[in-house]
Amino acid sequence: MKNILVTGGAGFIGSNFVHYILDKYSSYNLFVFDKLTYAGNLDNLSEVQDNPRYVFVNGDIADRETVNEVVITHQIDTIVNFAAESHVDRSILSPDAFIQTDIVGTHVLLDAARDHKLERLHQVSTDEVYGSIVEGRFKEGDVFEPNSPYAASKAGAELLVRAYHETYGLNTVVTRGSNTFGPYQYPEKIAPLFITNAIDNESLPLYGDGLQVRDWLYVTDHCSGIDVALHQGAPGGVYNLGGGNERTNIEVTELILKYVDKSRDLIVSVEDRPGHDQRYALDSSLLMSLGWSPSKTFEEALESTVKWYQDNERWWRPIKDGEFKEYYLKQYGNRLQSRL
Ligand code: NAD
Ligand code: TYD
């Protein structure tokens with residue numbers, strides 16, 4: 001492994017992965033391939049822009065010609081695919097881009113990996129492919145029951161990855177990460193949305209009763225889990241990657257308010273998300289048997305994430321004043337009004 005194509009590397013987890021891998025492996029070259037959608041941001045990579053082992057290419061993973069050209073020109077031997085439309089609420093408003101990028105785009109990458117005989121393709125997937133679980137924790141062999149267009153598009157992508165391993169012998173590996181938080185996360189997801197709203201004394205719109213449970217994972221631990229599976233995972237292997245930190249949304253919200261030092265009065269209960277999954281929980285013992293474990297407690301990681309947003313207003317303020325504003329109005333306008 002030498003020349004790695006990191007698709008979606010200008011997004012939240014992808015950019016953290018680029019920092020992580022450049023620091024850890026001095027012989028790897030990273031080629032970030034990103035369409036720079038609303039969620040892609042070159043500011044996430046400004047610290048590495050002068051690194052001679054990093055190259056940025058602007059492109060769409062569903063564009064076959066450009067993908068093949070990049071693979072050939074840069075002698076790519078490995079693909080780590082982060083590129084996706086990633087937000088459940090946007091997938092409910094408009095599923096088209098999810099099908100196009102998450103399924104068609106992954107298909108194009110699989111073809112390129114097969115045709116150019118790459119060493120490995122790592123698909124960054126999600127625990128949402130399983131759907132919701134009342135008790136216990138999902139294991140890798142459990143059935144897919146995705147409930148949102150986002151989850152269904154990621155499940156579709158994974159089925160293609162599996163088929164390319166079985167049919168063409170492509171050396172694939174999949175990680176199913178749980179809800180992730182940390183620096184550089186676009187402020188549409190609950191943690192950065194609530195942190196930045198709290199800093200600004202704006203409402204924190206909690207969906208429904210706030211009792212839904214997510215299994216929280218710090219972004220650096222997500223990156224180290226991908227690293228372990230990428231290097232040590234079995235060909236065709238699938239690995240759950242969960243932080244083991246089950247918290248209700250209201251618990252997460254209250255902790256955020258504690259760390260930002262703001263009142264509970266900012267919490268506003270709004271109309272629930274349709275098809276809202278009640279609980280995600282993963283059994284990550286298979287990946288742990290390869291040596292992976294999370295490095296920070298949930299509370300430590302959330303507190304340091306709050307501090308990062310407090311210290312990096314110059315990163316998120318232009319986002320919240322830009323494209324995000326229109327989205328926020330569309331997503332929350334009626335909900336916030338219907339409460340009044
Ligand atoms: P993100 O939305 O922050 O970033 C996605 C990146 O992909 C952006 O840089 C965007 O510009 C790029 N992109 C989108 N469409 C593209 C296309 N057609 N071609 C090239 N680039 C394109 O997402 P994230 O939260 O960093 O998630 C990364 C991956 O991890 C996704 O595959 C997601 O499904 C998965 N995942 C995310 C979480 C989470 O909690 N955020 C949890 C588990 C798995
Ligand atoms: P989110 O960050 O969108 O991740 P996902 O839907 O992939 O789990 O949401 C996490 C949880 O927080 C989910 O149960 C929905 C809830 N949520 C709210 O209550 N209010 C919000 O404004 C958002 C964005 C999410």
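Counting starts at 1 for both ligands and their atoms, following the listed order. Quick note: residue numbers are just sequence positions, from 1.
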Nearest protein heavy atom to atom 16 (C) of ligand 2, by residue and atom, and its distance? Asn249 ND2, 3.5 Å
Identify which one of Ile76, Leu110, Leu5 satisfies the side chain to side chain contact (heavy atoms under 4.5 Å, CB included) criterion when paired with Leu118. Ile76
Just verifying a value: how many Å separate Lys296 NZ and Asn245 CG, rounded to the nearest 0.5 Å? 12.5 Å
Give me the one residue out of Arg214, Gln212, Glu254 that meets side chain to side chain donor-acceptor pair (under 3.5 Å) with Asn249. Gln212
heavy-atom search around atom 5 (C) of ligand 1 in the protein gives Ala84 O, 3.5 Å
For Ala62, is at least one N or O under 3.5 Å away from an N or O on ligand 1? no
Write out the residue and atom name of the closest protein heavy atom to atom 15 (C) of ligand 2, then the distance separating them to 0.1 Å. His276 NE2, 3.4 Å
For atom 32 (O) of ligand 1, closest protein heavy-atom neighbour: Lys154 NZ, 2.7 Å
Against ligand 1, does Leu36 come closer than 4.0 Å with any heavy atom? yes
Atoms of ligand 1 under 4.0 Å from any heavy atom of Asp60, numbered from 1 in the order shown, are 17 (C), 18 (N), 19 (N)
Which of the atoms in ligand 1, numbered in the order shown and given with their element, are less than 4.0 Å from a heavy-atom of Gly59? 19 (N), 20 (C)
Would you indicate which of Tyr150, Phe82, Tyr186 comes nearest to atom 36 (N) of ligand 1 when only heavy atoms are counted? Tyr150
Test ring-ring contact (aromatic ring centres under 6.0 Å, His included) on Phe82 and His222 and set out the steps. CA-CA 12 Å; Phe82 292 90; His222 196 149; 7.5 Å; no
With a cut-off of 4.0 Å, which atoms of ligand 1 are near a heavy atom of Gly8? 6 (C), 7 (O), 9 (O), 12 (C)
Please state whether Gly9 comes within less than 4.0 angstrom of ligand 1, counting heavy atoms only. no
Counting from 1 in the order shown, the ligand 1 atoms closer than 4.0 Å to a non-hydrogen atom of Asn179 are 40 (O)
Taking Val173 as the starting point, is it possible to reach Val161 by hopping between hydrophobic residues whose side chains are less than 4.5 Å apart? no
So which protein heavy atom does atom 40 (O) of ligand 1 come closest to, and at what separation? Thr180 N, 2.9 Å
Which residue holds the protein heavy atom closest to atom 9 (O) of ligand 2, what is that atom called, and what is the gap in Å? Arg273 NH2, 3.9 Å
For ligand 2, note which part of Arg214 has a heavy atom under 4.0 Å away: side chain, backbone, both or neither. side chain
Can you tell which of Val219, Asp221, Asp215 makes a side chain to side chain contact (heavy atoms under 4.5 Å, CB included) with Leu217? Asp221
Is there a heavy atom of Ala10 sitting under 4.0 angstrom from any atom of ligand 1? yes
Hey, does Ala97 sit under 4.0 Å from ligand 1 if you only count heavy atoms? no
Consider side chain to side chain donor-acceptor pair (under 3.5 Å). Of Glu188, Gln331, Glu85, which one does Arg90 pass it with? Glu188
Would you say the ring centroid of Phe181 lies under 6.0 angstrom from that of Phe298? yes
Just heavy atoms, cut-off under 4.0 Å: does Val270 contact ligand 2 by side chain, backbone, both, or neither? neither
Check the hydrophobic clustering (I, L, V, M, F, W, Y; side-chain heavy atoms under 4.5 Å; chains of links allowed) and say if Val124 and Trp292 are grouped together. yes
For Glu246, salt bridge (charged side-chain N to carboxylate O under 4.0 Å, His left out) partners two or more places apart: Arg137, Arg279
For atom 4 (O) of ligand 2, the closest protein heavy atom turns out to be Asn179 ND2, 3.3 Å
Contact summary for Lys154 and Ala84, nearest pair of heavy atoms: NZ-CB, 4.0 Å
Under 3.5 Å, is there a donor-acceptor pair linking the side chains of Asp96 and Ser94? no
Atom 7 (O) of ligand 2: which protein heavy atom is closest, and how many Å away? Glu128 OE2, 2.5 Å
Is the closest heavy-atom distance from His87 to ligand 2 below 4.0 Å? yes
Give the residue and atom name of whichever protein heavy atom lies nearest to atom 10 (C) of ligand 1, and the separation in Å to one decimal. Thr37 OG1, 3.3 Å
Could you tell me whether Glu299 atom CD has more than 12 heavy atoms of other residues or ligands within 6.0 Å of it? yes
Taking only heavy atoms of Ser125 into account, list the atoms of ligand 1 that are under 4.0 Å away from them. 43 (C), 44 (C)
Working for side chain to side chain contact (heavy atoms under 4.5 Å, CB included), residues Leu266 and Leu204: CA-CA 6 Å; Leu266 287 180; Leu204 311 189; 4.2 Å; yes
Looking only at protein heavy atoms, identify the closest one to atom 19 (O) of ligand 2 and say how far it is in Å. Tyr207 N, 2.8 Å
Hey, what do you get for CG (Leu109) to CG (Asn81), rounding to the nearest 0.5 Å? 5.0 Å
Tell me: protein heavy atom nearest atom 2 (O) of ligand 1, and distance? Ser86 OG, 2.7 Å
In this structure, atom 19 (N) of ligand 1 is nearest to the protein heavy atom Ile61 N, 3.0 Å
Relative to each other, are the rings of Trp315 and Tyr309 parallel, tilted or perpendicular (30° and 60° limits)? perpendicular
Please assess Tyr184 against Asn41 for the test side chain to side chain contact (heavy atoms under 4.5 Å, CB included), listing each intermediate value before the final yes or no. CA-CA 9 Å; Tyr184 301 116; Asn41 186 348; over 6 Å; no
For the CH2 atom of Trp316 and the CD atom of Gln310, what is their distance to the nearest 0.5 Å? 9.5 Å
Taking ring-ring contact (aromatic ring centres under 6.0 Å, His included) as the test, write out the residues that go with Tyr186, two or more places apart. Tyr38
Show which atoms of ligand 1 fall inside a sub-4.0 Å distance from at least one heavy-atom site of Gly40. 8 (C), 9 (O), 10 (C), 11 (O)
Could you check atom 2 (O) of ligand 2 against the protein and tell me its nearest heavy-atom contact, residue, atom and distance included? Ile190 N, 2.9 Å
Can you find a non-hydrogen atom of Phe194 under 4.0 Å from ligand 2? yes
Where ligand 1 meets Ala83 - atom numbers and elements under 4.0 angstrom, heavy-atom basis: 7 (O), 20 (C), 21 (N), 22 (C)
Identify, for atom 20 (N) of ligand 2, the protein heavy atom at the shortest distance, and state residue, atom and that distance. Pro205 O, 2.8 Å
Backbone, side chain, both or neither: what part of Asp277 comes under 4.0 angstrom of ligand 2, heavy atoms only? neither
Going only through I, L, V, M, F, W and Y residues with side-chain contacts under 4.5 Å, is there a path from Tyr239 to Phe17? yes
Look only at interatomic distance and state if Asn41 has a nitrogen or oxygen under 3.5 Å from any nitrogen or oxygen of ligand 1. no
Which protein non-hydrogen atom lies closest to atom 35 (C) of ligand 1, naming both residue and atom, and how far is it? Val124 CG1, 4.0 Å
For atom 15 (N) of ligand 1, which protein heavy atom lies nearest, and how many Å away is it? Thr101 CG2, 3.5 Å
